[in-house]
Number of protein chains: 2
Amino acid sequence: MTLDRDLIVRTALRLLDDVGLEKLSLRRLAKELDVHATALYWHFASKQELLDAMGRAMVQQVVAEGPLPRTWQEWLAHLARAQRQAVRSHRDGALLMMTARPTAEHQVEYLDQLVGRLLEAGFTAESAAAAFIAVSNFAIGAAFAEQQGRDLGEEALDDLILRSGEHPGVSGIVAAAQDLDATFERGLAWLLAGMRAELG
Amino acid sequence: MTLDRDLIVRTALRLLDDVGLEKLSLRRLAKELDVHATALYWHFASKQELLDAMGRAMVQQVVAEGPLPRTWQEWLAHLARAQRQAVRSHRDGALLMMTARPTAEHQVEYLDQLVGRLLEAGFTAESAAAAFIAVSNFAIGAAFAEQQGRDLGEEALDDLILRSGEHPGVSGIVAAAQDLDATFERGLAWLLAGMRAELG
DNA sequence: ACCTGAACACCGTTCAAGT
DNA sequence: ACCTGAACACCGTTCAAGT
């Protein structure tokens with residue numbers, strides 16, 4: 001079993017799920033691969049480059065799957081769900097996405113088809129780009145909050161529930177945190193409805 | 001000049017702007033405070049607790065400022081801008097926000113007033129919570145992308161511009177990345193318009 | 001080409017000891 | 001109560017040396 005970039009990245013992502021990003025060290029990863037830590041430096045110039053590759057693998061893995069959508073709404077919804085799903089696909093996915101530097105070519109052809117649909121539907125070039133970015137940011141922000149809120153569930157959520165009495169607004173938040181999928185779809189629907197309204 | 005939690009947090013946030021989160025070590029921070037690294041352990045149980053306090057200070061600093069808004073749209077817009085501004089207020093702010101565990105009481109009374117306005121405007125309890133969460137996630141996702149894209153600007157952006165010829169969709173993205181404030185406001189407006197449409 | 005082994009300059013954290 | 005000082009078990013990275 002000889003070492004190569006692909007094997008290293010796959011092993012690193014598996015290890016990430018086991019121990020979390022904080023404890024994912026080159027030494028630990030090397031032990032998993034039955035190799036000295038310094039051997040990794042022949043394949044990656046630095047740990048940062050390995051993290052970049054891990055982030056890339058994480059997003060590419062998800063965006064490709066599923067049938068291609070038809071309407072522009074379905075395109076944007078598919079993008080949002082895929083992006084959220086990518087971040088959710090690994091422990092500390094949001095943290096990894098933040099740590100890994102973005103690859104430029106991300107998925108240019110996907111973006112191109114999506115923008116094409118938007119232009120056909122009446123979007124201007126600027127609003128098409130803004131739509132892509134808005135949906136993207138919303139999806140990643142949602143996944144971000146979700147993964148961050150995981151350790152909140154233990155003690156802080158109980159604290160929030162205690163405050164529900166004096167603060168009526170809080171109880172709705174607690175309920176929404178219980179059904180993250182529905183909350184996500186609601187926000188996505190609002191974004192798309194706002195765009196639809198602007199189109200006329 | 002005796003040490004206390006407040007001074008430590010303020011110094012840590014200043015140091016964060018100087019060196020970035022990756023190089024923000026307790027030893028470095030201690031040197032800044034003319035103290036041994038282990039002295040910090042009397043005030044914070046762990047580095048994680050210090051990071052939590054830093055995250056808390058970062059958001060509280062911003063959400064309080066400015067006059068209180070009137071309509072529910074203005075409330076949500078104010079929330080979105082404040083949240084984005086908080087993340088932008090320090091280097092690696094998004095990374096810090098992800099690393100720091102959320103404080104439950106965040107700003108309960110602010111949330112309460114906001115939810116109150118939404119209910120008056122015709123939102124159900126569930127949709128009011130979803131609205132708060134959607135706007136919040138969108139804002140943080142935007143700040144996230146912005147801070148991540150900063151080091152993209154150098155080489156990867158040039159690479160993207162090169163591809164603009166073959167891929168027409170890309171050029172719009174490049175333009176949108178040039179005016180992040182406008183792109184943010186556009187997305188926010190879509191979200192609010194979608195909510196308005198649902199109300200009737 | 002691909003990996004080992006030793007070494008360097010760091011980390012967070014614990015704990016006894018000082019004042 | 002508040003801090004020092006030594007020590008422990010780690011880090012990422014460089015570089016010569018092996019095969």
Side-chain angles (χ1 to χ4, degrees), chain A residues 1-58 90-92 95-101 148 151, chain B residues 1-58 90-92 95-101 148 151:
Chain A
M1 177 171 90
T2 161
L3 221 52
D4 68 345
R5 287 175 64 103
D6 230 69
L7 176 64
I8 294 174
V9 168
R10 286 206 319 275
T11 309
L13 283 173
R14 183 162 48 71
L15 186 58
L16 175 66
D17 288 333
D18 279 0
V19 303
L21 189 61
E22 198 186 37
K23 309 200 93 73
L24 180 78
S25 70
L26 294 182
R27 290 175 140 99
R28 199 114 163 43
L29 174 59
K31 190 169 284 177
E32 211 82 5
L33 292 161
D34 256 311
V35 97
H36 273 223
T38 49
L40 299 170
Y41 279 83
W42 200 91
H43 301 275
F44 292 95
S46 64
K47 186 184 184 182
Q48 183 60 57
E49 280 212 354
L50 170 62
L51 291 170
D52 295 347
M54 288 171 67
R56 231 165 16 233
M58 186 172 70
H90 284 99
R91 158 124 91 129
D92 289 341
L95 204 57
L96 174 60
M97 195 133 195
M98 187 81 240
T99 306
R101 288 167 308 189
Q148 191 196 253
D151 21 32
Chain B
M1 177 171 90
T2 160
L3 220 51
D4 68 345
R5 286 176 66 102
D6 230 69
L7 177 64
I8 295 175
V9 168
R10 285 205 323 272
T11 309
L13 284 173
R14 183 162 47 72
L15 186 57
L16 175 65
D17 288 333
D18 279 359
V19 303
L21 190 61
E22 198 186 39
K23 308 199 95 69
L24 180 77
S25 69
L26 294 182
R27 288 174 141 98
R28 198 116 163 41
L29 174 59
K31 191 169 285 177
E32 212 80 7
L33 292 161
D34 257 311
V35 98
H36 275 222
T38 49
L40 300 170
Y41 280 83
W42 200 89
H43 301 275
F44 293 96
S46 65
K47 186 183 184 183
Q48 182 61 55
E49 280 212 353
L50 170 61
L51 291 170
D52 296 347
M54 289 171 67
R56 229 164 18 229
M58 187 173 68
H90 284 99
R91 157 124 90 129
D92 291 340
L95 204 58
L96 174 60
M97 195 130 193
M98 186 80 240
T99 305
R101 288 166 309 186
Q148 192 196 251
D151 22 34

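Chain A is the first sequence line, chain B the second, and so forth, proteins listed ahead of strands; every chain is numbered from 1.
The distance between atom CG of B/L3 and atom C1' of D/dA1, rounded to the nearest whole Å, is 13 Å. Rounded to an integer number of Å, the gap from B/F44 CZ to C/dT13 P is 13 Å. Note: CH2 (A/W42) to C1' (D/dT19) measures 15 Å, nearest angstrom. Note: CG (A/L21) to P (D/dG12) measures 11 Å, nearest angstrom. Rounded to whole angstrom, the span from the CZ atom of A/R5 across to the C1' atom of C/dC2 amounts to 15 Å. Atom P of nucleotide D/dG12 and atom CD of A/Q48 are separated by 12 Å, given to the nearest angstrom. Between A/Y41 atom OH and D/dC15 atom C1' there is a gap of 13 Å when expressed in whole angstrom units. The CG-P distance, from A/L40 to D/dT13, rounds to 11 Å in whole Å.
Residue A/M54 holds its CE atom at 5.0 Å from CG of A/L16, rounded to the nearest 0.5 Å.
Counting non-hydrogen atoms under 4.0 angstrom, B/S46 reaches the backbone sugars and phosphates but no base.
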Open item on the list: Set out, in order, the CA-CA distance, both residues' side-chain angles and the distance that settles side-chain contact (heavy atoms from CB on, under 4.5 Å) for A/H90 and A/R14, then state yes or no.
Closed with: CA-CA 8 Å; A/H90 284 99; A/R14 183 162 48 71; over 6 Å; no
TODO: Would you please test A/Y41 and A/L26 for side-chain contact (heavy atoms from CB on, under 4.5 Å) and show each step?
DONE: CA-CA 10 Å; A/Y41 279 83; A/L26 294 182; 3.4 Å; yes
- [ ] Take A/D92 and A/T99 through the test side-chain contact (heavy atoms from CB on, under 4.5 Å) and record every step on the way to the result.
- [x] CA-CA 10 Å; A/D92 289 341; A/T99 306; over 6 Å; no
- [ ] Could you give me the CA-CA distance, side-chain angles and deciding distance for A/L13 and A/R10, then say whether side-chain contact (heavy atoms from CB on, under 4.5 Å) is met?
- [x] CA-CA 5 Å; A/L13 283 173; A/R10 286 206 319 275; 5.9 Å; no
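Ranking D/dC3, C/dC3, D/dT13 by closeness to the B/V35 side chain, first place goes to D/dC3. Of the candidate nucleotides D/dC11, C/dC3, C/dG12, C/dG12 has the atom nearest to the side chain of B/K47. For B/R27, taking side-chain heavy atoms from C-beta onward, the closest of the listed nucleotides D/dT13, D/dC3, D/dA7 is D/dA7.
Not one N or O on the side chain of B/R5 forms a donor-acceptor pair closer than 3.5 Å with the backbone of B/F44.
Between B/H36 and D/dG5 there is a side-chain N or O to OP1 or OP2 distance below 4.0 Å. Put simply, B/T38 has no side-chain N or O that comes within less than 4.0 Å of OP1 or OP2 on D/dT4. Between B/H43 and D/dA1, a side-chain N or O to OP1/OP2 separation shorter than 4.0 Å is absent.
Checking B/R28 against B/A45, the closest nucleotide of DNA chain C that is more toward the 5' end is the one next to B/R28.
Shown are A/D17, A/L96, A/L24, A/L21; of these, the side chain to side chain contact (heavy atoms under 4.5 Å, CB included) with A/R91 is made only by A/D17.
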Task: Which nucleotides of DNA chain C pair, in dot-bracket form (Watson-Crick or G-U under 3.5 Å, | meaning another strand) - done: ||.|||||...|||||.||
